Undergrad: 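The structure follows.
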Amino acid sequence: MYVRRSAAVLAAAVVIGAAAPAIAADSSPSASPSASPKPAYPAGLYGTTDPTYDGVWRQSLAMLAQNTVGVKPAKGAVDWLVGQQCANGAFAPYRADTAADCDAKTPVDTNNTAAAVQALVALGGHDAAISKAVTWLKSVQNKDGGWGYMPGGASDTNSTSVVIGALVTAGEKPADVRKDGKTAYDALNKLALPCKDDDGGAFAFQPDKKGKLLANADATAAGVLGSLGKGLVVSPGKDAPATRCVSEGLPASQQAAVSGAAYLTDALAEDGHLTSTLPGAEDQPDYGNTADAVVALAALSGADAAEKPLRWLEQNSAKWAEQSGPAAYAQLILAAHATGTDPRDFGGADLVEQLNATGPAPQAAAKATDEEKTKKDDSPFGVWWYVGIFLVVGIGIGFLLSGRKKGPQA
């Protein structure tokens, strides 16, 4: 979803001590090649690539997507996610040694924690883990009401929005979660570009070094959902079509969502997709952000508002998803869910089957396989017994038919 790249890039920047850009080029860190030979990653993990920067994120998205279509993840996959949590409630992108206690060097962050909260709520039965995670998220809220990726980092639209989603799904009211009197909605409103600007209504990821807000489609998709008080999983909305900077009778957060959606609509109007633009690289379609935009537009105004980018994804996203892995399949399933589209027939592809294939077999599928095996094993007769019976019956039918052909004997 919308923090999939910025989260990984920021985490990598912390490790290598470099300044990270807000947005990276491709959709999922899962697409990054691993060093050769590949290490053995846990069996419960979705995907086969290095989970250092996105393990919990892609695991959470995969389970959220499966939950929308009634697929119950394997117990081992759920256990893997739960086992990644630190004693204080926070999650890091990946902890190879979960037997070791988390310490000051453990790179816990708000994005992975918030995604895990939403997944665990959807799965059910993890109230203690959810409560600890929400408590931790509240403890690292910034004075402006928002959240940064790392605890203590400057608030950004993406992190603030995914935390709002976690609070809402966990039964909290984001408007009641305050720091120095400020809420997450106050922080988002400050990150929305003023109407007088050329890109008025869009959200910035963060102010630049000079304090200027620069429009960012990735952040805008996040900001729309956050301003609406929505999580990563949404159903088609019924609000009025997006109109930029028209505020009659709308609360500030609602107006921010409407204006942000209008910006996305304009950005998608020409090609039906958003574009990835990085210095020194050729512009190319941004599949992940386009999927996020579909979710944001549908959450506000319904499926019709997202029809053009959704159709573009149906026609063009197959190769990207195959290369990018479980998080990409999950994004597409969540986009389909947001628009009431069948993810099992998405441009001719069964996204659910493809996602399931990236991890351990879901419980329902595993149960069916076990039942089939049990039926075979429990049968009092072997296969050859049945073959013999059919041969005897066949011979008997042959005699009967032969007798009919000869007719009565004199």
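Residue numbers count from 1 along this sequence. Small disclaimer: the values here were computed from a predicted structure and weren't measured.
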Undergrad: Answer yes or no: is there a side-chain heavy-atom contact under 4.5 Å between Leu64 and Thr68?
TA: no
Undergrad: Just by modelled atom types, is the Ala128 backbone N or O under 3.5 Å from a matching donor or acceptor in the Ser131 side chain?
TA: no
Undergrad: Are the side chain of Thr157 and the backbone of Ala204 linked by a donor-acceptor contact shorter than 3.5 Å?
TA: yes
Undergrad: Would you please name every residue forming a ring pair (Phe, Tyr, Trp, His ring centres under 6.0 Å) with Trp136, sequence neighbours left out?
TA: none
Undergrad: With sequence neighbours left out, what residues match Asp79 under salt bridge (Lys or Arg N to Asp or Glu O under 4.0 Å)?
TA: Lys75
Undergrad: Once salt bridge (Lys or Arg N to Asp or Glu O under 4.0 Å) is applied, do any residues pair with Lys143, and if so which ones, sequence neighbours excluded?
TA: none
Undergrad: Report yes or no: does Asp208 contribute a side-chain atom to a donor-acceptor pair with the main-chain N or O of Gly211 at less than 3.5 Å?
TA: yes
Undergrad: Ignoring hydrogens and geometry beyond distance, is a side-chain donor-acceptor pair present between Ser159 and Asp156 at under 3.5 Å?
TA: yes
Undergrad: Output yes when a side-chain donor or acceptor of Thr110 lies under 3.5 Å from a complementary backbone atom of Trp147, and no otherwise.
TA: no
Undergrad: Could you check Leu355 against Val352 for side-chain contact (heavy atoms from CB on, under 4.5 Å), going step by step and ending with a plain yes or no?
TA: CA-CA 5 Å; Leu355 172 60; Val352 179; 5.9 Å; no
Undergrad: Start with the C-alpha gap between Gln66 and Tyr46, add the side-chain angles, then the distance that decides, and say whether side-chain hydrogen bond (donor to acceptor under 3.5 Å, both in side chains) holds.
TA: CA-CA 12 Å; Gln66 288 177 323; Tyr46 287 82; 2.9 Å; yes
Undergrad: Suppose we screen for salt bridge (Lys or Arg N to Asp or Glu O under 4.0 Å). Which residues come up paired with Glu172, at least two apart in sequence or across chains?
TA: Lys138
Undergrad: Would you confirm whether the ring centroid of Tyr287 sits within less than 6.0 angstrom of the ring centroid of Trp312?
TA: yes
Undergrad: List the atom of Ala184, the atom of Gln141, and the distance in Å for their closest heavy-atom pair.
TA: N-NE2, 4.2 Å
Undergrad: Report the C-alpha distance between Leu188 and Ser253 in whole Å, list the side-chain angles of each, state the deciding distance to 0.1 Å, and finish with yes or no for side-chain contact (heavy atoms from CB on, under 4.5 Å).
TA: CA-CA 8 Å; Leu188 287 181; Ser253 59; over 6 Å; no
Undergrad: Using modelled atom types only, decide if a donor and an acceptor are shared between the side chain of Arg95 and the backbone of Thr106 within a distance under 3.5 Å.
TA: no
Undergrad: Less than 4.5 Å apart, any side-chain heavy atom of Phe205 and any of Asp218?
TA: no
Undergrad: Using a 3.5 Å distance criterion without hydrogens, assess whether the side chain of Ser161 forms a donor-acceptor pair with backbone atoms of Ala222.
TA: yes
Undergrad: How about Thr275 and Asp283: does a side-chain donor come under 3.5 Å of a side-chain acceptor?
TA: no
Undergrad: Taking only residues two or more places apart in sequence or in another chain, which ones pass side-chain hydrogen bond (donor to acceptor under 3.5 Å, both in side chains) with Asp127?
TA: none
Undergrad: Could you check whether any side-chain heavy atom of Tyr263 comes within less than 4.5 Å of a side-chain heavy atom of Asp199, counting everything from C-beta outward?
TA: yes
Undergrad: Just by distance, with hydrogens left out, do Asp109 and Asn112 show a side-chain donor and acceptor under 3.5 Å apart?
TA: yes
Undergrad: Any salt bridge between Arg58 and Asp54, counting N to O under 4.0 Å?
TA: yes
Undergrad: Quiz question: by atom type and distance under 3.5 Å, do the side chains of Tyr149 and Asn111 form a donor-acceptor pair?
TA: no
Undergrad: Has Asp198 got more than 12 heavy atoms of other residues, nucleotides or ligands less than 6.0 Å from its CG?
TA: no
Undergrad: Got more than 12 heavy atoms from elsewhere within 6.0 Å of NZ, Lys308?
TA: yes
Undergrad: Is Phe203 close to Leu264 at the side-chain level, that is, under 4.5 Å between some pair of heavy atoms?
TA: no
Undergrad: Can you sort out the partners of Arg311 under salt bridge (Lys or Arg N to Asp or Glu O under 4.0 Å), two or more places apart, ordered by chain and number?
TA: Glu314
Undergrad: Report yes or no: does Gln59 contribute a side-chain atom to a donor-acceptor pair with the main-chain N or O of Gly44 at less than 3.5 Å?
TA: yes
Undergrad: Does any N or O in the side chain of Asp342 come within less than 3.5 Å of the main-chain N or O of Arg344, such that one atom is a donor and the other an acceptor?
TA: yes
Undergrad: Please confirm whether the backbone N or O of Asp292 pairs with a side-chain atom of Gln331, one donor and one acceptor, at under 3.5 Å?
TA: no
Undergrad: Please check if the side chain of Lys132 supplies one atom and the backbone of Asn88 the other of a donor-acceptor pair under 3.5 Å.
TA: no
